[in-house]
Q: 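If you scroll down you'll find the structure; I have some questions about it.
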Protein chains: 2
Amino acid sequence: MTISKNTFTGEYSYSLDAKGRINIPAKFRQSLSKNNDNTFVVTRGLDTCIWVYPIIIWQKIETELKNLSALSAINRSFIRNAVRYAAITPYDKQGRILLTPSLIRYAELEKEAIIIGMVNKIEIWNPKTLYETDKQNLKLDPSTFEDLAEKIIL
Amino acid sequence: MTISKNTFTGEYSYSLDAKGRINIPAKFRQSLSKNNDNTFVVTRGLDTCIWVYPIIIWQKIETELKNLSALSAINRSFIRNAVRYAAITPYDKQGRILLTPSLIRYAELEKEAIIIGMVNKIEIWNPKTLYETDKQNLKLDPSTFEDLAEKIIL
DNA sequence: GAAAATTACCCACAGCTACCCACAATTCTA
DNA sequence: TAGAATTGTGGGTAGCTGTGGGTAATTTTC
């Protein structure tokens, strides 16, 4: 049973099929609140992975973007990059969403994919890329983690 | 349906035909609210691209423009630019709108065109020009980008 | 007013997508 | 533990989408 709605935790291994579809873990789907209408938004992550949002969360981002003035070149560029790679995908009867070829290329996805719950969003990784990124992150300055620790109680 | 109306996301590649027609992605058309009457307004963008608005949204913008102080030179030139080149185009049975030769020239459009959903409007680009503009934008103040990202992206 | 040019509207069609069903493997239940 | 239900994966197909081109209607030009 899930605790709070639109919250995702845990790591799963799933396969991307020939049509670019990938299953969203049943537990994640059950965590979705009704007003999401079985729909996610997929977009580029800041790492080499795909981010998956419940559409309700994404709509908040959209609203904020709508409020940015298009008179500023920086704003326009920011909006363009934030929205350009986003695609709205309701999941089918089997619980799968459709990824765009562009996103599959970006995340270097092949058949096997790791799906990670990241609290308010979901990440989809190529296992190799995830492993490499993890290794890189170990080399980061540990004090960064300490800064974060002051903000978030784990 | 959850998808919010008159809201556009994603990047698509379409072709401008010999008659100056270009397809509006089916997903964008489906997002239009009924009172748009299958009609868009096309005009010059502030970048080297064409802006496409649902007519309902455009009407709001027009009233806002009227309320802007007519004293400021920037406002005057902006209004002149935005309104002067605006054209109303309903889309045909195949979902295509007609672009004016003037706009095609302004956006340096050739056969291949990139269509980008920018939340409340749509942009039409020549791929090369888009690529160049992207490169230019990287030189803009990165800290502003980060500020925006931190505020808006969850 | 007639010819030419332009525009608006219609049809055709290949390729693709959304939707459906099938089935094996796993989990749940009584 | 056996049966039932759910979950993850694969594949088929009807209908839609994007693109090109044709023709009648309208406008422009001489």
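Throughout, a chain's letter reflects where its sequence line sits, starting with A, and its residues are numbered from 1. Predicted model only: the values in this text are computed from it and were never measured.
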Q: For residues 91-111 of chain B, which residues have at least one heavy atom under 4.0 Å from DNA chain D?
A: B:Q94, B:R96, B:K111
Q: Extract, from 5' to 3' on DNA chain C, the first and final nucleotides lying under 4.0 angstrom from some heavy atom of chain A.
A: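 Answer, 5' to 3': C:dA18 to C:dA22.
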Q: For the helix from C:dG1-D:dC30 to C:dA30-D:dT1, how many degrees between its two end axes (five pairs per end), to the nearest 10°?
A: 40°
Q: Run the side chain to side chain contact (heavy atoms under 4.5 Å, CB included) test against A:A26 and tell me which residues pass, sequence neighbours left out.
A: A:R29, A:Q30
Q: Walk me through it: do B:L32 and B:Y91 pass the test side-chain contact (heavy atoms from CB on, under 4.5 Å)?
A: CA-CA 12 Å; B:L32 280 188; B:Y91 58 80; 4.0 Å; yes
Q: Which pairs count as side-chain hydrogen bond (donor to acceptor under 3.5 Å, both in side chains) when at least one residue sits in residues 114-130 of chain B, sequence neighbours excluded?
A: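 Only A:R80-B:E123, B:W51-B:E123, B:E108-B:T129, B:E123-B:W125 qualify under side-chain hydrogen bond (donor to acceptor under 3.5 Å, both in side chains).
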Q: To the nearest 0.5 Å, what is the distance between OG1 (A:T133) and CG (A:D47)?
A: 6.0 Å
Q: Indicate yes or no for a side-chain donor-acceptor contact from A:T39 to the backbone of A:D37 under 3.5 Å, with no hydrogens or angles considered.
A: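 Judged by distance alone, yes, a pair lies under 3.5 Å.
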Q: Would you check if A:R44 and A:L103 make a side-chain contact, meaning some heavy-atom pair closer than 4.5 Å?
A: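 In contact.
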Q: Mind checking what makes side chain to side chain contact (heavy atoms under 4.5 Å, CB included) contact with A:T9, not counting sequence neighbours?
A: none
Q: Taking side chain as C-beta onward, heavy atoms only, is B:I115 less than 4.5 Å from B:F28?
A: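 Yes, side chains in contact.
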Q: Which is more 5' along DNA chain D, the nucleotide nearest A:Y14 or the one nearest B:S15? Just name the residue.
A: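 Result: A:Y14.
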Q: Is there a side-chain contact between B:I124 and B:V42 in this structure, where contact means two heavy atoms from C-beta onward sitting under 4.5 Å apart?
A: no
Q: Using distance alone, with no hydrogens and no angle criterion, decide if A:N36 and A:S33 have a side-chain donor and acceptor under 3.5 Å apart.
A: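 Yes, because at least one side-chain N or O of A:N36 sits under 3.5 Å from a partner of the opposite role on A:S33.
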Q: List for me each residue that meets side chain to side chain donor-acceptor pair (under 3.5 Å) alongside B:Y106, sequence neighbours excluded, and say none if there are none.
A: none
Q: Say you draw a straight line from CD1 of B:I50 to OG1 of B:T48; how long is it, rounded to the nearest 0.5 Å?
A: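 Nearest 0.5 Å value for the CD1-OG1 distance: 11.0 Å.
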Q: Could you list the donor-acceptor pairs under 3.5 angstrom formed by side chains in residues 81-88 of chain A, with sequence neighbours left out?
A:
from, atom 1, to, atom 2, distance (Å)
A:N81, ND2, A:S77, O, 2.9
A:R84, NE, B:E11, OE1, 2.3
A:R84, NH1, B:D134, OD2, 2.9
A:R84, NH2, B:E11, OE1, 3.4

Q: Considering residues at least two apart in sequence or located in another chain, which fulfil the side chain to side chain donor-acceptor pair (under 3.5 Å) criterion with B:Y12?
A: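 Result, side chain to side chain donor-acceptor pair (under 3.5 Å) vs B:Y12: none returned.
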Q: Reading DNA chain D from 5' to 3', where do the contacts with chain A start and stop? Cut-off is 4.0 Å to heavy atoms.
A: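 Answer, 5' to 3': D:dT7 to D:dG12.
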Q: Taking salt bridge (Lys or Arg N to Asp or Glu O under 4.0 Å) as the definition, give me every residue that meets it alongside B:R96, ordered by chain and number, with sequence neighbours left out.
A: B:D17, B:D92
Q: Can you pull out the residues from residues 19-27 of chain B that lie within a 4.0 Å heavy-atom distance of DNA chain C?
A: B:K19, B:R21
